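Inspection log for the structure reproduced underneath, given as structure tokens.
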Amino acid sequence: MIDIKSLFDYEIEELLLNNGFQKFRAKQVVSWLKKGVESFDMMTNIPKNLIEFLNDNCYISVAKIERKLVSKIDDTVKYLFSFADNECVESVVMKYHHGYSICISTQVGCKMGCTFCATGKSGYSRNLTASEMLAQIESAQNDLSVRISNIVLMGMGEPLDNYDNVVRFLKLVSSENSLNIGMRHITLSTCGIVPKIYELADLKLQLTLSVSLHAPDDEVRSSTMPINNVYNISELLKACRYYIDKTNRRISFEYALIDSVNDTAECANMLADKLKSMLCHVNLIPVNSVKGTGYVKSKIERQQSFVDILSKNGITATIRRTLGSDINASCGQLKRNHKEGGI
Ligand code: SAH
Ligand code: SF4
């Protein structure tokens, strides 16, 4: 069966032309898909034989709401969505002064095994298709009756480990015939799959690349992020510099502050040294404690002195505001609780 919502308009046109339908029918189908119909039978202005063809050969991806949690503190909404095969992923919608932002998943689970991450702990099932990434946004928009203007690929999964589907998604979501969300409103977060950073850089998309660094030296980073054994920090930062050169975009580095693991003054100085003269910003996040990891977030004074050391060395850094802290927290946890029958 063909995943029709993962196709570009010209591919839908080709599909219909190759099967004896007229070109203008493709435009009609595309416009129904844009309206968010969940079944071909709802396409009321197309002939019966085309509906039959679509039903026999294609399907429309839908993200069904399994669970929904709304924060009482700040209106952040967290969804657990399921797809046709009953696999589930999480998405989070956050309200900022400039509009709504959604954090979507790119895989069911993740292979990367970072020790602090709930998703990493739950293993990997499969990649999401481009349409399944779109469906998370459409479902949330419909449910909340709002227009989402920003996307972050920071939910479950490693986007660059699902490179082809993610790039397809990026092109689809930013096109006029889809949700029309510009690349400058999209952030892609990666744990550092170096060859794919080069590939992405060469596409020169105007999105923001966010790199999960989380440690200033290879010893600490390898102990929390296994990918560092494949691509170490110096290779990663070289790829980041290439990315900046190619795109002229500022990179943002994610750094989860973990008590006594990576939050010392020595770590801050080492980090400042490695990022010197790079077009970048550091996002410091007090680590979310995930059951079974034993990690605790850094004390407030440590967080502040970490920022101060970076700033003194000319590196802009902010401590990220935590949204939705009552509905918890980093992606992967809702699904875990759901599986364990918790919530
Ligand atoms: N796989 C990608 C994107 C998904 S993870 C990546 O790793 O970048 C999204 C972000 O959440 C990453 O920066 C990741 O390092 C961070 N993260 C995961 N678990 C966390 C935790 N327990 N506390 C704080 N940040 C966490
Ligand atoms: Fe995967 Fe990102 Fe979690 Fe690491 S932090 S296990 S790469 S989702």
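Any value given below was found using the heavy atoms of this structure, including those in side chains, with hydrogens, waters and symmetry copies removed. Read the numbers this way: they start at 1 and go in the same order the structure lists the ligands and their atoms. Treat the numbers as computed from the prediction; the structure is a model and nothing was measured.
Listed by number with element, the atoms of ligand 1 under 4.0 angstrom from any heavy atom of V290 are 22 (N). Atom numbering of ligand 1 starts at 1 in the shown order; those under 4.0 Å from a heavy atom of T190 are 6 (C), 8 (O). Less than 4.0 angstrom separates some heavy atom of G157 from each of these atoms of ligand 1: 1 (N), 2 (C), 3 (C), 4 (C). Near C191, meaning under 4.0 Å from any of its heavy atoms, are these atoms of ligand 1: 6 (C), 7 (O), 8 (O).
Contact annotation: S210 has no heavy atom less than 4.0 Å from any atom of ligand 1.
Under 4.0 Å is where a charged nitrogen must lie from a carboxylate oxygen, and between K34 and E138 no such pair does.
Among residues at least two apart or in separate chains, salt bridge (charged side-chain N to carboxylate O under 4.0 Å, His left out) pairs with a member in residues 250-268 are E254-R320, D259-K299, D263-R302. For the salt bridge (charged side-chain N to carboxylate O under 4.0 Å, His left out) condition, no pair includes a residue of residues 219-244, sequence neighbours left out. Sorted by first then second residue, the salt bridge (charged side-chain N to carboxylate O under 4.0 Å, His left out) pairs that include residues 13-27, not counting sequence neighbours, are E13-K23.
Without hydrogens or angle criteria, S139 side chain to A63 main chain gives a donor-acceptor distance under 3.5 Å. At distances below 3.5 Å, at least one donor-acceptor pair connects side-chain atoms of D218 with backbone N or O atoms of I233. Using modelled atom types, no side-chain atom of N313 and backbone atom of I315 make a donor-acceptor pair closer than 3.5 Å.
Nearest non-hydrogen protein atom to atom 2 (Fe) of ligand 2 is G157 O, 4.5 Å.
Where the criterion is an N or O separation shorter than 3.5 Å, residue side chain and backbone included, F116 meets it with respect to ligand 1.
Using a 4.0 Å cut-off between heavy atoms, E254 contacts ligand 1 through its side chain alone, with no backbone atom that close. Of the heavy atoms in H214, only side-chain atoms (C-beta onward) come closer than 4.0 Å to ligand 1.
Any protein N/O/S atom under 2.8 Å from atom 4 (Fe) of ligand 2 was counted, giving 1 altogether.
M183 and L170 get closest at one heavy-atom pair: CE-O, 3.4 Å. Between T129 and S131, the shortest heavy-atom contact is OG1-OG, 3.0 Å.
When the options Q107, E87, E132 are evaluated for a side chain to side chain donor-acceptor pair (under 3.5 Å) with R126, the one that passes is E132.
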